[in-house]
Asker: 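The following block contains the structure, expressed as structure tokens.
Since the model is a prediction, treat every value here as computed from it, not as a measurement. Atom set for the values below is all heavy atoms of this structure, side chains included, hydrogens, waters and symmetry mates excluded. Indexing begins at 1, ligand by ligand and atom by atom, following the structure's order.
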Amino acid sequence: EGVEEGGLRMLVFGKPGSGKGTLSARLVKDYDIAFVSTGDVLRKEIAAKSEVGRKAEQVVATGGLVSDELMLEIVKTELDRLRGKSWIVDGFPRTLHQGELLDRVLNQENRPLNMIVHLNVPDSVIMARISARWVHLPSGRVYNTTYSAPKVPGKDDVTGEPLSKRPDDTPETFSKRLQAYYESTAPLLQYFAKTYPDSLFSLSGSSSDEVLIAAGLKAPPPVDDTSSDQNYYS
Ligand code: AP5
């Protein structure tokens, strides 16, 4: 029996496009926190044409979920790197099995999760955001033409390189990603509520900065958000 490690060990959880990466980036900028996005890791492996990348490429491109086995291989390396630090993980776990395995590893090492933030955003709002999303693929930096616009249109703020659309952000593929969320990932919410009743925080907000304000973060100036509040799949 060891003593529990100090520090923040946080998951950011939610539908594709709910703002997980954006919220994490803000926290990481303001505090000394390490950050892992499994989506970013996969995109880098795919770009590098590594063995992992070749195995994952087709699944990511079509909006499915990469196998639990391959994801665990990736996450194990990342979790080793995070030992002794405060951290945020975005994009993992995405299935009940991944969630149980993550808990097992972290509990064995006396560093259990101590914060789970669930971003609860209606599908209609997400669909609108995705059509306005632009990314700098090499760094994973994310922009939005209406919300967090780049300083120079079409260019990354840091490198000045051109921004692009994520290949899995087409309406067809994005709908598949939402479906995969409902089928495989959403059941984790009940699991979290049962396993971490005191550490699960649901932040609901359909428009621009409600989520950031709910998280106690300083919000940028308001933007016009006229999307409806209906869910596509319910
Ligand atoms: P991943 O990269 O994790 O994609 P995702 O979960 O679909 O999430 P996104 O990156 O699309 O969105 P986000 O929630 O980070 O939102 P963002 O901040 O960009 O995964 C990609 C693929 O990899 C998966 O489909 C799967 O194939 C595979 N994969 C990854 N992990 C896996 C795992 N564990 N198991 C199996 N497969 C796995 O925000 C969205 C937009 O909204 C942006 O334009 C942003 O500027 C804007 N925005 C954000 N917040 C706000 C706000 N408050 N107000 C207004 N606009 C906002």
Side-chain angles (χ1 to χ4, degrees), residues 11-28 35-46 52-53 55-75 78 88-99 101-102 117-122 125-137 140-150 163 165-170 173-181 183-185 188 203-215 217 219-225 227:
L11 297 183
V12 54
F13 181 88
K15 291 172 196 168
S18 56
K20 304 183 293 294
T22 300
L23 176 65
S24 304
R26 291 198 184 211
L27 291 171
V28 170
F35 173 63
V36 172
S37 151
T38 50
D40 285 350
V41 172
L42 286 170
R43 280 183 285 279
K44 280 186 189 139
E45 297 285 343
I46 291 168
V52 167
K55 284 187 194 159
E57 185 163 18
Q58 195 58 25
V59 181
V60 172
T62 51
L65 290 183
V66 172
S67 75
D68 288 347
E69 291 69 34
L70 189 57
M71 288 316 301
L72 277 174
E73 223 177 278
I74 293 171
V75 167
E78 298 296 329
I88 301 175
V89 167
D90 161 9
F92 188 94
R94 250 179 164 95
T95 63
L96 269 179
H97 187 222
Q98 290 180 11
L101 288 167
L102 177 68
V117 174
H118 166 222
L119 298 182
N120 185 15
V121 182
V125 173
I126 287 178
M127 296 302 261
R129 285 183 188 175
I130 289 307
S131 59
R133 169 158 72 179
W134 289 84
V135 295
H136 180 244
L137 279 175
R141 275 185 288 277
V142 173
Y143 301 88
N144 191 296
T145 46
T146 60
Y147 172 66
S148 49
L163 301 177
K165 294 298 279 184
R166 257 170 63 171
D168 58 347
D169 272 355
T170 62
T173 308
F174 195 80
S175 300
K176 294 216 187 100
R177 287 163 58 198
L178 266 181
Q179 254 171 315
Y181 171 85
E183 281 166 24
S184 308
T185 310
L188 271 167
L203 306 179
S204 298
S206 59
S207 71
S208 61
D209 295 312
E210 289 166 20
V211 159
L212 291 173
I213 292 163
L217 297 172
V223 291
D224 181 34
D225 187 336
S227 317

Asker: Where's the contact between S148 and ligand 1, heavy-atom distance under 4.0 Å: side chain, backbone, both or neither?
Answerer: side chain
Asker: Using side chain to side chain contact (heavy atoms under 4.5 Å, CB included), reason through K55 and V66 one step at a time and then give a plain yes or no.
Answerer: CA-CA 9 Å; K55 284 187 194 159; V66 172; over 6 Å; no
Asker: State, yes or no, whether a side-chain contact exists between L188 and L96 at a heavy-atom distance under 4.5 Å.
Answerer: yes
Asker: When you measure from the heavy atoms of G17 to every atom of ligand 1, does any distance fall below 4.0 Å?
Answerer: yes
Asker: Can you tell which of V142, V66, T145 gets a heavy atom nearest to atom 43 (C) of ligand 1?
Answerer: V142
Asker: Where the side chain of T38 meets the backbone of G91, is there a donor-acceptor pair that is under 3.5 Å apart?
Answerer: yes
Asker: So between Q98, R94, Q58, K20, whose heavy atom ends up nearest atom 3 (O) of ligand 1?
Answerer: R94
Asker: State whether a side-chain donor-acceptor pair under 3.5 Å links S24 with D90.
Answerer: no
Asker: Are F13 and T185 close enough, and set up right, to give a side chain to side chain contact (heavy atoms under 4.5 Å, CB included), and what steps lead you there?
Answerer: CA-CA 9 Å; F13 181 88; T185 310; 3.6 Å; yes
Asker: Check whether T62 reaches the backbone of V59 with its side chain - one donor and one acceptor, N or O, closer than 3.5 Å.
Answerer: yes
Asker: At under 4.0 Å between heavy atoms, which part of L65 makes contact with ligand 1: side chain, backbone, both or neither?
Answerer: both
Asker: Within the structure, does G21 bring an N/O atom to less than 3.5 angstrom of an N/O atom in ligand 1?
Answerer: yes
Asker: Please could you name the atoms of ligand 1 that P16 approaches to less than 4.0 Å, counting only its heavy atoms?
Answerer: 5 (P), 6 (O), 7 (O), 8 (O)
Asker: Looking only at distances, please establish whether an N/O atom of ligand 1 is found under 3.5 Å from an N/O atom of M71.
Answerer: no
Asker: Can you sort out which atoms of ligand 1 are near R43, meaning under 4.0 Å from one of its heavy atoms?
Answerer: 2 (O), 21 (C)
Asker: Are Y143 and ligand 1 in contact, using a heavy-atom cut-off of under 4.0 Å?
Answerer: yes
Asker: Look only at interatomic distance and state if D40 has a nitrogen or oxygen under 3.5 Å from any nitrogen or oxygen of ligand 1.
Answerer: no
Asker: For atom 9 (P) of ligand 1, which candidate among E57, R133, H97 provides the closest heavy atom?
Answerer: R133
Asker: Ignoring hydrogens, just give me the one of G19, A25, G91 whose non-hydrogen atom is nearest atom 34 (N) of ligand 1.
Answerer: G91
Asker: Under 3.5 Å between any N/O of S37 and any N/O of ligand 1: does that happen in this structure?
Answerer: no
Asker: Is the shortest distance from a heavy atom of G63 to ligand 1 less than 4.0 Å?
Answerer: no
Asker: Begin with the C-alpha distance, continue with both residues' side-chain angles, and end with the deciding distance and a verdict on side chain to side chain contact (heavy atoms under 4.5 Å, CB included) for R43 and D40.
Answerer: CA-CA 5 Å; R43 280 183 285 279; D40 285 350; 2.9 Å; yes
Asker: For atom 27 (O) of ligand 1, which candidate among P93, G64, G99, S184 provides the closest heavy atom?
Answerer: G64
Asker: Any salt bridge linking R177 with D169? Criterion: basic side-chain nitrogen under 4.0 Å from a carboxylate oxygen.
Answerer: yes
Asker: Quick check against the 3.5 Å criterion: does K165 have a side-chain atom that pairs as donor or acceptor with the backbone of S131?
Answerer: yes
Asker: Evaluate D169 for polar contact with ligand 1, using N/O atom pairs at a separation under 3.5 Å.
Answerer: no
Asker: With distance as the sole test, does K15 use its side chain to make a donor-acceptor pair with the main-chain N or O of V121 at under 3.5 Å?
Answerer: yes
Asker: Just to be sure I'm reading this right: ignoring hydrogens, which of T22, I46, T146 gets closest to atom 18 (O) of ligand 1? Compare them by their nearest heavy atoms.
Answerer: T22
Asker: Can you tell if the side chain of V142 reaches within under 4.5 Å of the side chain of R133, non-hydrogen atoms only?
Answerer: yes
